[in-house]
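Read through the structure below, which is laid out as structure tokens, and then see the notes.
Note that the structure is predicted; figures quoted are calculated from it, not measured.
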Amino acid sequence: MIRNRVVRRSKSVQQAGQKQSTKLYQDYLQNTDHIKQLFSYGVNRDFTFREITAKGLQKKVTLFFYGSIVDSTKIDQGIIRPLLEQDGQKLESVITLEQMKCLEDFESVTENINSGKAVLIVEQSNVAYGIDVSNFQHRSIGKAENEGVIKGPKEAFTESANVNLSLIRKRFHDKQLIAEGIEVGERSKQQVTLLYIGDVINKETLQNIRKRLKAINTDNVRNVELLEQHIEERPYSIFPSLLYTERPDRAAAYIEDGFFVILMDNSSSCLILPATFWSFIHSPEDRYLSFMFGNFSRLVRLLAFFTAMFVSAFYIAITNYHSEMIPPDLLLAITSARERVPFPLVIEVLIMEAAFELIREAGIRIPSPLGPTIGIVGALILGQAAVQANIVSPIVVIIVALSGLSSFAVANIDMNYTVRISRYLFMLAASFFGIFSLTAAFLLWIMYLVSIKSFGVSFLAPMSPNYQSSEDTIFRKLLKNEKYRPGQLEPQDMKKKQEGRD
């Protein structure tokens, strides 16, 4: 009879489809039956419970948990043994594990069990207790795969948010470093950890971020890669508006400057926001190298950035429309090389660019034992054989190779895609009226870039609009001369150092 009442009550809640809370009953059996029903006990093999009689309380207690995501040793030694052996009259004095929380409704009970906690139901009580015994599996700390450096720390984030948080705290010892937890997702609640320095950050930006996180209306957000797509300002933009990094030292450096960092379980990376254009062309190694070496590295990457976007388009423009700009000997060489190629120049370049994109995509996804195959296909078939078959000319192979190689010098993976897409737009523009249409396309590209904002911050700041900052944009200054935080963030504490310490 009790079971039927529980079933009717559960159905009424489901039909309502609302987030109304269902309070725990005073009856012990009703509570345990309801929880078993909620988690499909008997069918759901991972869900388990343990019923014992507490020695001190002289009452029955039942412990519910998912066996695969909890620490069984912690449950045995921290909960079950103390309850069986100790004489204390209060649970708090018997169970000494940290983070024991009182729960009053079944929704809280469900969320606690799903997040790896053990829930304790006590006889003759209408409250439950959530005890943190979670033990989600994750790999050990390894090297950064996509942001490798020669000089500097090698540690990278793992898929555990707690481990990632400890890696950041290891680098930044400040009592004002706040790790705020916000839940996202309707069906599967996932914890988002928002990191910031409480007495440095801009409060309005903090409210903006909280508002966007709480406005997410979807069943589940599994990691920061998916979260990024829910909170970014322009989902259709070819420019990334959030910085993605797998390095804890880089995340700690941005937090120090007044930025926000988002961590989630299941992600071996974090999001940094607000982001600016300059962040995407910087590398963590820039700051570990000396002033001259770091700036030289940035100069090379900046040249590679523009080379990757414009070299193919520029070749199409001057060869088709401005041949007078090419030295006569080189022009004759280009003409003779293209003599037997049947395609227009723009088609010839697009064929080679598309072939390079195929090699790149296949190289990422091909199994490791087959990796050398990509080199053979790329070098022999798409290079030498295509030239001998008069599909493309040798100079186009050089141009596309230079373009592709330059794109790999762009440090950020998201900005790398921006460069690749922009390159095709510029090639198409150059095929119409040469340098004139290419210049017009570049101006439109710049205008669009200027219009972008990331959480209220202009994408080209602090250069445009101009703000007081450490001037770490294109080139950086000596570390001892970097006295200010980025002005575009409007932080509460603008200066990094006090004048007396300079």
**Prompt:** More than 12 foreign heavy atoms under 6.0 Å from CZ of Phe291: is that the case here?
**Reply:** yes

**Prompt:** Which class fits the ring pair Phe305 and Trp445: parallel under 30°, tilted 30 to 60°, perpendicular over 60°?
**Reply:** tilted

**Message:** Taking CZ in Phe310 as the centre, count heavy atoms belonging to other residues, nucleotides or ligands within less than 6.0 Å. Is the count above 12?
**Reply:** yes

**Phe459 and Phe239 aromatic ring geometry - parallel, tilted or perpendicular at 30°/60° bounds** = perpendicular

**Message:** Distance to the ring centre below 6.0 angstrom and angle to the axis at most 45 degrees; does that hold for Arg423 and Phe426?
**Reply:** no

**Ile150 atom CD1, neighbour heavy-atom count above 12 within 6.0 Å** = no

**Message:** Taking the side chain as everything from C-beta on, heavy atoms only, tell me whether Lys151 gets closer than 4.5 Å to Phe293.
**Reply:** no

**Prompt:** Would Arg360 count as a cation-pi partner of Phe408, with NZ or CZ less than 6.0 Å from the six-membered ring centre and within 45° of the ring normal?
**Reply:** yes

**Message:** For Ala409, give me all partners under side chain to side chain contact (heavy atoms under 4.5 Å, CB included), at least two apart in sequence or on another chain.
**Reply:** Ala304

**Request:** Determine whether more than 12 heavy atoms belonging to other residues, nucleotides or ligands lie under 6.0 Å from atom CD of Gln207.
**Result:** yes

**Message:** Between the side chains of Glu107 and Lys189, is the shortest nitrogen-to-carboxylate-oxygen separation below 4.0 Å, so that they form an ion pair?
**Reply:** no

**Asked** Side-chain contact, heavy-atom cut-off 4.5 Å: Phe277 with Leu449?
**Response** yes

**Message:** Between Tyr244 and Tyr417, is the ring centroid distance below 6.0 Å?
**Reply:** no

**Asked** More than 12 non-hydrogen atoms from neighbouring residues, nucleotides or ligands closer than 6.0 Å to CZ on Phe436, yes or no?
**Response** no

**Message:** Just checking Arg187: does its CZ atom have more than 12 heavy atoms from other residues, nucleotides or ligands closer to it than 6.0 angstrom?
**Reply:** no

**Message:** Does any part of the side chain of Gln190, heavy atoms only, come nearer than 4.5 Å to the side chain of Leu227, both counted from C-beta?
**Reply:** no

**Residues Glu183, Ser115; criterion side chain to side chain contact (heavy atoms under 4.5 Å, CB included); working and verdict** = CA-CA 11 Å; Glu183 285 187 340; Ser115 60; over 6 Å; no

**Request:** Look at the rings of Tyr254 and Phe259 and say which category their plane angle falls in: under 30° parallel, 30 to 60° tilted, over 60° perpendicular.
**Result:** perpendicular

**Item:** Of Arg301, Arg476, Lys477, the residue whose pairing with Asp286 passes salt bridge (Lys or Arg N to Asp or Glu O under 4.0 Å)
**Value:** Arg301

**Asked** Quick one: are Thr218 and Leu226 in side-chain contact, heavy atoms under 4.5 Å?
**Response** no

**Item:** Partner of Arg485 under salt bridge (Lys or Arg N to Asp or Glu O under 4.0 Å), chosen from Asp493, Asp257, Asp472
**Value:** Asp493

**Request:** Would you check, one step at a time, whether the test salt bridge (charged side-chain N to carboxylate O under 4.0 Å, His left out) holds for Arg171 with Glu256?
**Result:** CA-CA 10 Å; Arg171 290 165 172 79; Glu256 188 179 350; over 6 Å; no

**Message:** Can you confirm whether the side chains of Ser297 and Glu285 place a donor and an acceptor under 3.5 Å from each other?
**Reply:** no

**Prompt:** Does any pair with a residue in residues 192-211 pass salt bridge (charged side-chain N to carboxylate O under 4.0 Å, His left out), and if so which ones, sequence neighbours excluded?
**Reply:** Glu180-Arg210

**Asked** When you check the side-chain N and O atoms of Ser458 and Gln488, is any donor under 3.5 Å from an acceptor?
**Response** no

**Item:** Lys/Arg-Asp/Glu bridge criterion (N-O < 4.0 Å) met for Asp132, Lys101
**Value:** no

**Asked** When Ser267 is tested against each of Glu159, Arg222, Glu225 for side-chain hydrogen bond (donor to acceptor under 3.5 Å, both in side chains), which residue passes?
**Response** Glu225

